[in-house]
Amino acid sequence: MCRFLLYKGKDSIQLAHLLTRPAHSIINQSFDCRLRIDTRRPINGDGFGVGWYESNPGPDNTPCIFASVTPAWNNQNLARLAEKIRSPLVFAHVRASTSGTLSENNCHPWKYNRLMWMHNGHIQDFNKIKRKLQQSLRDEIFLFVQGNTDSEWAFALFLNQLRDPQAERFDHETLKKAMLKTIEQLNIWAEEAGITEPSLLNFAVTDGCSVVCTRYINSKTEEAASLYFSSGTNFKEYKPGHYRMIKADKREDIVLVASEPLTFEKADWLIIPTNTCFVITPKFNVLLFPIKDQYYNIDRMKKRQSIVPPAVL
């Protein structure tokens, strides 16, 4: 079980305000995560990755990614870069490996042209469906994969759902449909293979303009891995390590999504219901769509639509 966060803002943010400065920053979550399902392994020390888009993009607006196999809390280069780099769209991930060796190729996020992807969770018994997944891919997508994690192969499967994964831009509806098809196909293969234990599929993808992510488990009764969001007009540090999401009006100038909230302001964060697709459009509309497949459970969704639990604090 890993931890991730993403930021989309009308203005660029200094990466340190997401990665290092908040008291429960993504870096702190690498050694002090409090909401993971697997409580036996509270450390996310199997590498990290940060991906971002330029503030003033040129014609080649592909993301830049910095990844390392060192623990995020012990990488001075990450801390130095976070103080200097600013971006309007950031993905960050700290890894606790469930499959794949410890290597930079296996660190999230990954990119394909303008698209960037990361995953928190695991595909249960991936070895039982890996060959079917690989055989389903177009040659250029199959050859793209460099690592050996279930997460990167899930990205390849997502890319395979797109008519042209090298397009300059994708509307959010196209990305959402490809995401749902990816989950649907994984479920089909799991059922064919007789896999009974659930997979945890918190996926996130962006083309630099739209963002689509999921909080998902292929179970009608169990909860997916934690995922929260916060939105407003200004993410402000009011004292060292303590941040607040300011809502000056009804506009959404900033949207944050995180496995665990970065701040201690309970009212700033809302839980994304289990088995939900969460979309941020280029105009900063925040859209939530229940994933109505065979694992949809409306009673579970009603019960879990609540503010951040005290366990975070």
Side-chain angles (χ1 to χ4, degrees), residues 1-6 26 29-30 33-49 51 72 91-100 102 106-110 116-130 133 145 147-158 178-191 193 195-206 211-229 257-261 271-278 290-291 293 295-297 300 304:
M1 289 296 295
C2 310
R3 304 281 86 177
F4 72 51
L5 75 83
L6 65 89
I26 188 71
Q29 290 177 34
S30 64
C33 58
R34 306 182 187 185
L35 293 175
R36 63 186 294 160
I37 293 174
D38 182 3
T39 57
R40 297 169 300 170
R41 302 175 66 227
I43 303 299
N44 298 286
D46 298 327
F48 68 87
F91 274 23
H93 187 283
V94 291
R95 184 174 182 238
S97 63
T98 55
S99 71
L102 189 64
N106 288 335
C107 290
H108 314 224
W110 294 277
M116 185 161 55
W117 170 277
M118 59 185 174
H119 173 207
N120 173 30
H122 68 276
I123 300 174
Q124 183 66 34
D125 293 326
F126 180 62
N127 61 305
K128 295 182 179 180
I129 68 168
K130 183 176 181 179
L133 188 157
V145 177
N148 56 0
T149 66
D150 55 352
S151 302
E152 190 180 11
W153 284 111
F155 184 26
L157 179 61
F158 170 85
M179 181 70 82
L180 296 179
K181 287 181 180 178
T182 299
I183 292 174
E184 179 185 13
Q185 186 60 68
L186 290 171
N187 285 339
I188 290 171
W189 286 330
E191 185 175 348
I195 299 169
T196 56
E197 292 297 312
S199 297
L200 296 167
L201 306 179
N202 285 16
F203 293 139
V205 69
T206 181
V211 177
V212 174
C213 55
T214 56
R215 183 182 180 216
Y216 185 86
I217 183 172
N218 54 351
S219 167
K220 291 194 72 170
T221 57
E222 297 182 49
E223 287 294 318
S226 59
L227 198 63
Y228 298 84
F229 80 97
V257 179
S259 299
E260 298 188 14
I271 192 167
I272 296 173
T274 287
N275 289 19
T276 296
C277 185
F278 182 93
I291 301 175
D293 59 11
Y295 302 107
Y296 178 68
N297 185 339
R300 175 176 58 186
R304 294 299 298 168

Is the backbone of [Y] close enough, under 3.5 Å, to the side chain of [X] for a donor and an acceptor to pair up by distance?
X	Y	result
T214	L201	yes
T182	A178	yes
E152	G147	yes
S259	F4	yes

Non-hydrogen atoms of [X] and [Y] that approach each other most closely:
X	Y	answer
E222	P198	OE2-CG, 3.8 Å
S219	Y295	N-CD2, 3.5 Å
A154	I123	CB-CD1, 4.1 Å
V212	C277	CG1-SG, 3.6 Å
T274	E223	OG1-OE1, 2.7 Å
F91	M116	CE2-O, 3.6 Å

In Å, rounded to the nearest 0.5 Å, how long is the span from [atom1] of [X] to [atom2] of [Y]?
X	Y	atom1	atom2	answer
N106	S151	CG	OG	9.0 Å
S199	N218	OG	CG	4.5 Å
M118	F203	CE	CZ	12.5 Å
T196	D125	OG1	CG	7.5 Å
I291	R215	CD1	CZ	11.5 Å
F155	D150	CZ	CG	14.5 Å

field: Pair F229 and F278, ring centroids less than 6.0 Å apart
entry: yes
statement: Taken in chain and number order and not counting sequence neighbours, the residues that satisfy side-chain hydrogen bond (donor to acceptor under 3.5 Å, both in side chains) with D293 are Y216
message: For N202, give me all partners under side-chain hydrogen bond (donor to acceptor under 3.5 Å, both in side chains), at least two apart in sequence or on another chain.
response: none
message: Please determine whether side chain to side chain contact (heavy atoms under 4.5 Å, CB included) holds for the pair I195 and W189, giving the CA-CA distance in whole Å, both sets of side-chain angles, and the decisive distance to 0.1 Å.
response: CA-CA 9 Å; I195 299 169; W189 286 330; over 6 Å; no
field: Single hit among V257, T206, V205 for side-chain contact (heavy atoms from CB on, under 4.5 Å) with V211
entry: T206
Quick one: does [X]'s side chain get under 4.5 Å of [Y]'s, heavy atoms only?
X	Y	value
R3	E260	yes
I272	Y228	no
F48	C107	no

query: Is K130 atom NZ crowded by more than 12 heavy atoms from other residues, nucleotides or ligands, each under 6.0 Å away?
result: yes
message: What verdict does the side chain to side chain contact (heavy atoms under 4.5 Å, CB included) test give for W110 and T149, after you've listed the backbone C-alpha separation in whole Å, the side-chain angles of each residue and the deciding distance to 0.1 Å?
response: CA-CA 11 Å; W110 294 277; T149 66; 3.5 Å; yes
message: Between N297 and N275, does the side-chain hydrogen bond (donor to acceptor under 3.5 Å, both in side chains) criterion hold? Intermediate values first, please.
response: CA-CA 9 Å; N297 185 339; N275 289 19; over 6 Å; no
field: Trace of the side chain to side chain contact (heavy atoms under 4.5 Å, CB included) decision for N120 with L227
entry: CA-CA 10 Å; N120 173 30; L227 198 63; over 6 Å; no
